[in-house]
Each structure stands twice: as C-alpha cells, then as structure tokens.
Amino acid sequence: MSKPQNAPGDVRSKGLVDYLNDENVRAVLYQVVAIGLIVLAGWYLVSNTLYNLEQQNISTGYGFLDLEASFEISETMIDYSAQSDYATALMVGLLNTVKVSLLGIILCTIIGTIFGVARLSSNWIVRKLATVYVETFRNIPVLLQLFFWYALIPSAFPHPRDALEPLPGVLLTSRGMYLPVPEPDNAYTLMTIAAVISCVVIYFVKKWAKKRQDATGQPFPMLLAGIGIFVGLVLAAYLAGGAPTDMSMPALKGFNIQGGYNISPEFMAVLIGLTVYTSTYVAEVVRSGIQAVPNGQWEAADSLGIRRSIALRKVILPQSMRVAIPPLTNQYLNLTKNSSLAVAVGYPDLVSVSNTTMNQTGQAIEAISIFMSIYLGLSLLTSLFMNWFNKKMALVER
C-alpha cells in the first residue's frame, strides 16, 4: 500500500534547502543575523568598557548629576552658583545653546532672505554686492569666522572707563554691550501671560476671518486687528500690574560696568559668526526657490497691475517657500550643530559646560552621552517643526 502524497503547498514537503532558496526566508534570516551581530558587538563594547572602568576604579552611572558643580558659569539664564549641582549646570549650558541657536535661526533667515532677493535684483550694484557677500562668507570656515569676530569685537570698542554711549543707557565696551532693562516686577509676568493669551486669540480670529472671507469675499484687516489685540492685552496687563517704571541702568562702578543687561563679546562673536555663515546658504536657498517659480506668475501679477515688490511678497515668496523649506531645514540643523563650536571662543554653551563636568567628575562617557542626546533631541524637534510647517505650506489638492 503506497504512502499518501503530501498536498501541494504542504510545509512538510519542503526541506532545508528549499527554505534557504526562498527569497522571503533568506531576507528574514539575513536581518536576524545582522541584528544579532549588532547586539553582540554592542554587548562586547559595553561589557569591555565597564570592565576597564572598574579596573581603573572609575564609577559609572549618572549619580554625579546630584553632586555640587563647584565651578562658575559666566552667562546664565537661570539662577546658578558654584554650589548648584551638575544637572543645573548642564541646564544652563543647554539654555545658552538654545538661545544662540534660536536667535541665529531667526537672524539668518531674515538676512539670508534679503540677500537671496538681492542676488536677483535688476540693479547691477545690489546684485554684485550680494554675490560678493555670499561667495565670501560661504567659503570661509565657520570656526575661523568665530575667531575673527571674537578678536574684532573686544578690540573695536574701548575700555569700560571710556565706554561709548550711542543711545541713552546703551554702553559699548571691550567687555560687551550693556543695555538698560526693567527691574523685576510681577507686572512683567502678567504681560507674558497676556502675550500668550493674545497669540491664542489672534489664531482663532484668523480662522474666523478666513471663513468670513471664503463666505462673503470681503477681506478682514487681520494685520491691524492682530497688532491691536496683542498690544491691547499686553498694555492692559501692564496697567493692571501697576505700570512699573523702574529700570536697571548700566553705569561705571569701580573698574567695571554694573547694572543693566550685558551681552558678552563671546555671545556676540558666536551669534554673528553663525548668522553670517548660515545666512549665505539661506540666501542661495531663497534665490533658487524664487527661480523655481514659473515666470508666468510674474507675468500674471504684471498683467493685474501689481507692483513688483508686492508681487514678490504676496505671490512669489509664498510659492517659493514650498521649494525652499526642506533645504532651509538642513541649514537650521547645521546652525544648531555648529553652535557646539562656541566652546572655541569661551562661550559657556552645552559642550563647554559638559567638558568642565567631564574633567571634574571623570564621567566622560556619561557626559558625552548627555550632550549627544540633547543635540539629537534639538535636531529632531527642529525637523519635526519644519516638517509640520512644510505640510502646512504644501498645496492641497481638491
């Protein structure tokens, strides 16, 4: 009596060779082997590192963050002293990095847009000057530019005793710029809250205005309404807080300037260097974005009697942004990462504070892992915001 034949497709009918010849099986097998090798290599590196640290009596872990830092930081945005812990010190470095990166992104966008438009100007002088600016600063390494501005700023201004005062209360010295600032008061907290509320109100008013225009065809003066809402709410909060007028004015006391707010030469050098360098790339992105817009858009605006400046602002630039946003995201990421070079001119950014922490505690791996993770997080947040903005600006197909 013969044995029954296996049905077609029966798994038992396939041998090992048949499985290995199956492309899907091989693909899964290769991935499993690759993941296994990666896990094995990671296990080897971690275990070997821990063993070597143990042999050198170096402790591991992040418990050092609760220890006293025992070093001062020249520029802080929050309360900090040498008695603060390492976690607070790293937070100070993070805030300094975010401050210079955020201001740099805003300024390089404005300057880059201006020079990008200027490169397409019909005026020969304007076009050539913009070209010289872009080609000069784009081809000089950013680190050299930081050194240049850091050497120029202190030598360009006098000693605090001979400080320049271009405006009342504004002092320019070799130790930085000093600005008058309001004395701390609860009214300014109320004003901040009012500013946030006004932004929310403006958002909903803008949505209502768009629906109204779609329904009736009548435009709503959103710009004037937004300014009125913002100024009105903030002014009301200022008056409700007692309308304080006390100011902290910078003045020479002893051998240095006391009072006011100091913008250090290190911060100015980093901000100017990063802004100038990145703005050249932004200018090229803006220029290429404008050139990507079909000429028919210019011709349509001309046929409607729209001035060139208004056509650029209302018609061309909004369309060019759809092309420019992805490369702009890369430039913003580059600026944020290039801010780590600030340590070269003594600006107390995240890398500088982390280096001091690493030297004092010996926790090199932990300190490096912290600021690597922070830079990764900043880059991912920037990408997330720009991707959202890119989707918002994209054309919606009906």
Side-chain angles (χ1 to χ4, degrees), residues 71-84 88-108 110-111 146 149-196 230-231 234-235 237-238 241-276 335 339 342-343 345-350 352-353:
F71 65 91
E72 295 288 348
I73 300 178
S74 58
E75 297 184 46
T76 64
M77 297 178 63
I78 58 176
D79 292 335
Y80 174 83
S81 66
Q83 288 73 39
S84 301
T88 305
L90 291 173
M91 178 58 67
V92 170
L94 170 60
L95 292 176
N96 286 340
T97 295
V98 172
K99 178 176 69 173
V100 73
S101 300
L102 186 58
L103 289 175
I105 287 173
I106 295 172
L107 292 176
C108 80
I110 297 173
I111 297 173
L146 297 184
W149 293 112
Y150 185 61
L152 176 65
I153 292 173
S155 59
F157 299 107
H159 190 271
R161 287 175 295 184
D162 303 317
L164 300 177
E165 191 173 3
L167 296 172
V170 178
L171 303 181
L172 299 177
T173 75
S174 58
R175 298 178 184 176
M177 177 187 298
Y178 292 83
L179 304 172
V181 293
E183 293 286 358
D185 194 280
N186 291 331
Y188 302 115
T189 304
L190 294 176
M191 292 173 65
T192 303
I193 297 173
V196 174
F230 185 86
V231 174
V234 173
L235 181 60
Y238 175 72
T245 57
D246 294 336
M247 300 287 292
S248 174
M249 303 295 292
L252 179 64
K253 294 182 180 179
F255 296 98
N256 201 1
I257 306 287
Q258 301 293 332
Y261 180 75
N262 173 238
I263 303 177
S264 68
E266 293 81 9
F267 174 78
M268 287 194 289
V270 174
L271 181 61
I272 294 174
L274 293 178
T275 299
V276 170
L335 187 148
S339 67
V343 65
V345 296
Y347 178 68
D349 70 328
L350 179 62
S352 176
V353 175

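Computed over heavy atoms, backbone and side chain alike; hydrogens, waters and symmetry mates excluded.
- A 4.5 Å side-chain heavy-atom check between Cys108 and Leu274 finds every atom pair outside the cut-off.
- Taken to the nearest 0.5 Å, the CD1 atom of Ile272 stands 9.5 Å off from the CZ atom of Phe267.
- By the 4.5 Å heavy-atom criterion applied to side chains, Ser155 and Ser174 are not counted as neighbours.
- In this structure, the side chains of Pro182 and Asp246 stay at 4.5 Å or more apart for every pair of heavy atoms.
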Which pairs would a plain distance check flag for residues 95-105, meaning a side-chain donor or acceptor within less than 3.5 Å of a matching protein atom at least two apart in sequence or in another chain?
unit_1	atom_1	unit_2	atom_2	d
Asn96	ND2	Glu75	O	3.0
Asn96	ND2	Val92	O	3.4
Asn96	ND2	Pro348	O	2.9
Thr97	OG1	Gly93	O	3.1
Thr97	OG1	Leu350	N	3.0
Ser101	OG	Thr97	O	2.8

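- Closest heavy-atom contact between Asp185 and Gly241: OD1-O, 4.0 Å.
- Nearest heavy atom pair, residue Phe157 against residue Ile153, reads CD1-O, 3.1 Å.
- Between Gly273 and Leu146, the closest heavy-atom pair is CA-CD2, 3.8 Å.
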Legend entry - Pair Met91-Ile78, side chain to side chain contact (heavy atoms under 4.5 Å, CB included): steps then yes or no: CA-CA 9 Å; Met91 178 58 67; Ile78 58 176; 3.8 Å; yes
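- Counted within 6.0 Å of CE on Met191, heavy atoms from surrounding residues, nucleotides or ligands total more than 12; the atom is thus considered enclosed.
- Considering OG of Ser248 and CD of Glu183, their distance stands at 5.0 Å, rounded to 0.5 Å.
- Atom OG1 of Thr275 and atom CG of Leu335 lie 6.5 Å apart (nearest 0.5 Å).
- Within the model, atoms OG of Ser264 and OH of Tyr347 stand 7.0 Å from one another, a figure rounded to the nearest 0.5 Å.
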Inset, instruction - Go through Trp149 and Leu271 one step at a time and tell me if the side chain to side chain contact (heavy atoms under 4.5 Å, CB included) criterion holds. - result: CA-CA 10 Å; Trp149 293 112; Leu271 181 61; over 6 Å; no
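- Going from atom CD of Glu72 over to atom CD of Gln83 covers 7.0 Å, rounded to the nearest 0.5 Å.
- Nearest heavy-atom pair across Tyr80 and Phe71 is OH-O, 2.6 Å.
- Here the CG atom belonging to Asn256 is positioned 4.5 Å from the OH atom belonging to Tyr178, to the nearest 0.5 angstrom.
- Counting all heavy atoms, side chain and backbone alike, Val353 lies closest to Ile73 at CG2-CD1, 3.9 Å.
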Inset, instruction - Tell me, with the steps shown, if Ile257 and Asn262 meet side chain to side chain contact (heavy atoms under 4.5 Å, CB included). - result: CA-CA 9 Å; Ile257 306 287; Asn262 173 238; over 6 Å; no
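- Between Pro265 and Tyr150, the shortest heavy-atom contact is O-CD1, 4.3 Å.
- Without hydrogens or angle criteria, Ser352 side chain to Asp349 main chain gives no donor-acceptor distance under 3.5 Å.
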